[in-house]
Amino acid sequence: MMSKSENFFEQVYQVVEQIPYGKVTTYGAIAEFLGSKSASRMVGWAMNNAHTLVKPVPAHRVVNRQGLLTGKMHFKGQSMQERLEAEGIVIIDDQIQGFESVFWHPNTLLP
DNA sequence: GTGGTGACGACAC
DNA sequence: GGTGTCGCCACCA
């Protein structure tokens, strides 16, 4: 059968792609949704691997628990901040303003 | 097969 | 209250 390892990453990609426009989520929230809240590092690593995916993943909508654009350095072309601002999100000093207002929980996918 | 690393988070001191 | 350390799981050398 298929490797279970892909399931974890697959879940991360699925959740990230389901992030609605103008909303953002955190690594910890995704990790928690997957069942391992402490596996936030794995979520970040999944984003790194998402780079190799054929399917586009809005990784720019994923920030750390503080609402800081920690992974912006990994983005090519336009900055991560520009993309978020284009969605109506206000960012000052790499920090999302009203982070709680734009914070989207993966749990929203559940009924 | 082992060790080190990583776009983080929470806890201990 | 800031700093330091561990934990989590998967990938690379």
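Reminder, nothing fancy here: chain letters follow the sequence lines and each chain counts from 1. Treat the numbers as computed from the prediction; the structure is a model and nothing was measured.
- In this model, a donor atom of one side chain and an acceptor atom of the other lie less than 3.5 Å apart for A/Lys76 and A/His51.
- A/Glu17 has its side chain within reach of A/Pro58: a pair of non-hydrogen atoms, C-beta onward, lies under 4.5 Å apart.
- Inter-residue side-chain proximity for A/Tyr13 and A/Lys55 is flagged as unmet; no heavy-atom pair is nearer than 4.5 Å.
- Straight-line distance from the CE atom of A/Met42 to the P atom of C/dC8: 12 Å, rounded to whole Å.
- Comparing the C1' positions of C/dT3 and B/dA7 gives an interatomic distance of 22 Å, to the nearest angstrom.
- In this entry C/dA13 has B/dT2 as its Watson-Crick or G-U wobble partner, both defining distances falling under 3.5 Å.
- Within the 4.5 Å cutoff, the side chain of A/Val16 has heavy atoms near those of the A/Met47 side chain.
- Whole-Å rounding puts the A/Phe8 CZ to C/dC11 P distance at 11 Å.
- The partner of C/dG7, taking Watson-Crick or G-U wobble pairs whose two distances both stay under 3.5 Å, is B/dC8.
- Criterion: ILVMFWY side-chain heavy atoms under 4.5 Å apart, direct or through other members. Under it, A/Met80 and A/Ile19 are not part of a common hydrophobic cluster.
- Aromatic ring pairs are classed by plane angle as parallel below 30°, tilted from 30° to 60° and perpendicular above 60°; the pair A/His105 and A/Phe103 is perpendicular.
- Look at CD on A/Glu10: it is 14 Å from P on C/dA10, rounded to the nearest Å.
- In this entry the distance linking CZ of A/Phe9 with C1' of C/dC11 reads 7 Å, nearest Å.
- Rounded to whole angstrom, the span from the CG atom of A/Asn48 across to the P atom of B/dG6 amounts to 10 Å.
- Within 6.0 Å of CD on A/Gln78 lie more than 12 heavy atoms contributed by other residues, nucleotides or ligands.
- Within residues 60-69 of chain A, the residues approaching DNA chain B are A/Asn64, A/Arg65, by heavy-atom distance under 4.0 Å.
- If you check the side chains of A/Gln81 and A/Glu85, you find a donor sitting under 3.5 Å from an acceptor.
- For DNA chain B, the neighbouring residues in residues 14-35 of chain A, judged by any heavy atom under 4.0 Å, are A/Tyr27, A/Gly28.
- Between A/Gln11 atom CD and C/dC9 atom C1' the separation is 15 Å, expressed in whole Å.
- Side-chain contact between A/Trp104 and A/Thr26: absent, with no pair of heavy atoms (C-beta onward) separated by less than 4.5 Å.
- Annotation: side chain of A/Leu69 is in contact with side chain of A/Ile91 (closest heavy-atom distance under 4.5 Å).
- Separating the OG1 atom in A/Thr70 from the NE2 atom in A/His74 is a distance of 8.5 Å, to the nearest 0.5 Å.
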Quick test: give all pairs of protein nitrogen or oxygen and nucleotides 5-7 of chain C nitrogen or oxygen below 3.5 Å, distance rounded to 0.1 Å.
residue, atom, partner, partner atom, Å
C/dG7, O6, A/Arg41, NH1, 2.5
C/dG7, O6, A/Arg41, NH2, 3.3

